[in-house]
Protein chains: 2
Amino acid sequence: MGGKWKARIVWALTRNDVLRFAELRRACPPISDRMLSRELKELEGCGLVSRTSYASIPPRTDYALTARGRTLRPVMAAMADWGLEHRSVILDAMMAADMVSDNGS
Amino acid sequence: MGGKWKARIVWALTRNDVLRFAELRRACPPISDRMLSRELKELEGCGLVSRTSYASIPPRTDYALTARGRTLRPVMAAMADWGLEHRSVILDAMMAADMVSDNGS
DNA sequence: CAGTATCCCGAAAGATACTG
DNA sequence: CAGTATCTTTCGGGATACTG
């Protein structure tokens, strides 16, 4: 389950229950349409995300976690906690080891 | 913190406390010497893994998690739990969606 | 709005050979 | 045993343009 964006997508969906394509795009900047579409398909392929599209004009598609996708919550939470506590200190260490070239994002 | 192998390396070190180069290689098949060396350097660079080498013949180097590296335990545990519970069912879904070509590893 | 289709490049990583 | 050096390949993912 690689992919640069999957974690962010799932993370967005754990916090919002249901999101549309454009909302997900805004939730995961700066993801491209192409990557968002691809990653969503893969997540759908492993049964973690469900897609519901309405044949209306303008078109509309809702994405949500499946029951199985929701089982990822504890994992996502653990990762988020760790990130909050250690991100900055790790980044400092990485800079000291010249593994990164400071950009303040 | 990308890298195809870092999770496995850290996982091996959470379960074993201290491992030598060759032991880590065996713990993360089929990683190559090159990748193991590189990933270990990066983990050392962010202060998650410590390296202790003994100037003996034959040479010997011990790797272990630092205090900071050990803070990853809850995350690793959460991921491991999830993997145990969902790995097979996810793989099935992925095969059904032809995202993988069965290899029994 | 919600995507697909193409093209392309650079980083990640495999293979192989070598060393103190 | 514990790595490093070099070469080659793969492929993830960005840019851009197009469509129902």
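Just the heavy atoms: all of them, side chains too, but no hydrogens, waters or symmetry mates, feed the values below. In what follows, chains carry the letters A, B, and so on, assigned in the order in which the sequence lines appear, proteins first and then strands, with residues in each chain numbered from 1.
The residue from A:Leu40, A:Leu36, A:Val18, A:Ile9 that alone fulfils the side-chain contact (heavy atoms from CB on, under 4.5 Å) condition with A:Tyr63 is A:Leu40.
One interatomic measurement links the two molecules: CZ of B:Arg26 to C1' of D:dG3, which rounds to 15 Å at whole-angstrom precision. Remark: P of C:dC1 and CZ of A:Arg51 are 17 Å apart, rounded to the nearest angstrom. As a whole-Å value, the separation of B:Leu36 CG from C:dA12 C1' is 16 Å. Atom CD1 in B:Ile57 sits about 17 Å away from atom P in C:dT19, given to the nearest Å. Distance, A:Glu44 CD to C:dG3 P: 10 Å, rounded to whole Å. Atom P of nucleotide D:dA15 and atom CG of A:Asp33 are separated by 12 Å, given to the nearest angstrom. Rounded to an integer number of Å, the gap from CD1 of A:Ile31 to P of D:dA15 is 12 Å. Taking atom NZ on B:Lys41 and atom P on C:dA13, their separation rounds to 16 Å, with Å as the unit.
Phosphate proximity of D:dC1 to B:Thr61: absent, as no side-chain N or O sits under 4.0 Å from OP1 or OP2. Side-chain nitrogen and oxygen atoms of A:Ser37 include at least one within less than 4.0 Å of the OP1 or OP2 phosphate oxygen of C:dT4.
B:Lys4 is not listed as a side-chain neighbour of B:Met35, based on a closest heavy-atom distance of 4.5 Å or more. Two residues are said to be in side-chain contact when any heavy atoms from C-beta on lie closer than 4.5 Å; A:Leu91 and A:Met95 fail this criterion.
Taking 3.5 Å as the limit, the base of D:dG13 and the side chain of A:Arg34 contain a donor-acceptor pair of atoms between them.
Side-chain atoms of A:Pro58 lie closest to C:dC1 of the nucleotides C:dG3, D:dG3, C:dC1. In this structure, the nucleotide among C:dG14, D:dG14, D:dC1 sitting nearest to the side chain of A:Lys4 is D:dG14. Side-chain atoms of A:Met35 lie closest to D:dG14 of the nucleotides C:dA13, C:dA2, D:dG14.
No engagement by B:Gly2 is indicated, since no non-hydrogen atom pair under 4.0 Å with the nucleic acid exists. Counting non-hydrogen atoms under 4.0 angstrom, A:Tyr63 reaches the backbone sugars and phosphates but no base. B:Arg25 comes within contact range of no nucleotide atom at all, as no heavy-atom separation falls under 4.0 Å.
Here D:dG20 sits opposite C:dC1 as a Watson-Crick or G-U wobble pair (both hydrogen-bonding atom distances under 3.5 Å). When both pairing distances are held under 3.5 Å, C:dG10 makes a Watson-Crick or G-U pair with D:dC11.
Put simply, the side chain of B:Ser53 never gets that close to the backbone of B:Arg60: no donor and acceptor are under 3.5 Å apart.
Residue A:Arg38 is the one, among A:Pro59 and A:Arg38, whose nearest nucleotide of DNA chain D lies closer to the 5' end (criterion: closest heavy atom).
The environment of B:Arg8 atom CZ is sparse: at most 12 non-hydrogen atoms of other residues, nucleotides or ligands sit within 6.0 angstrom.
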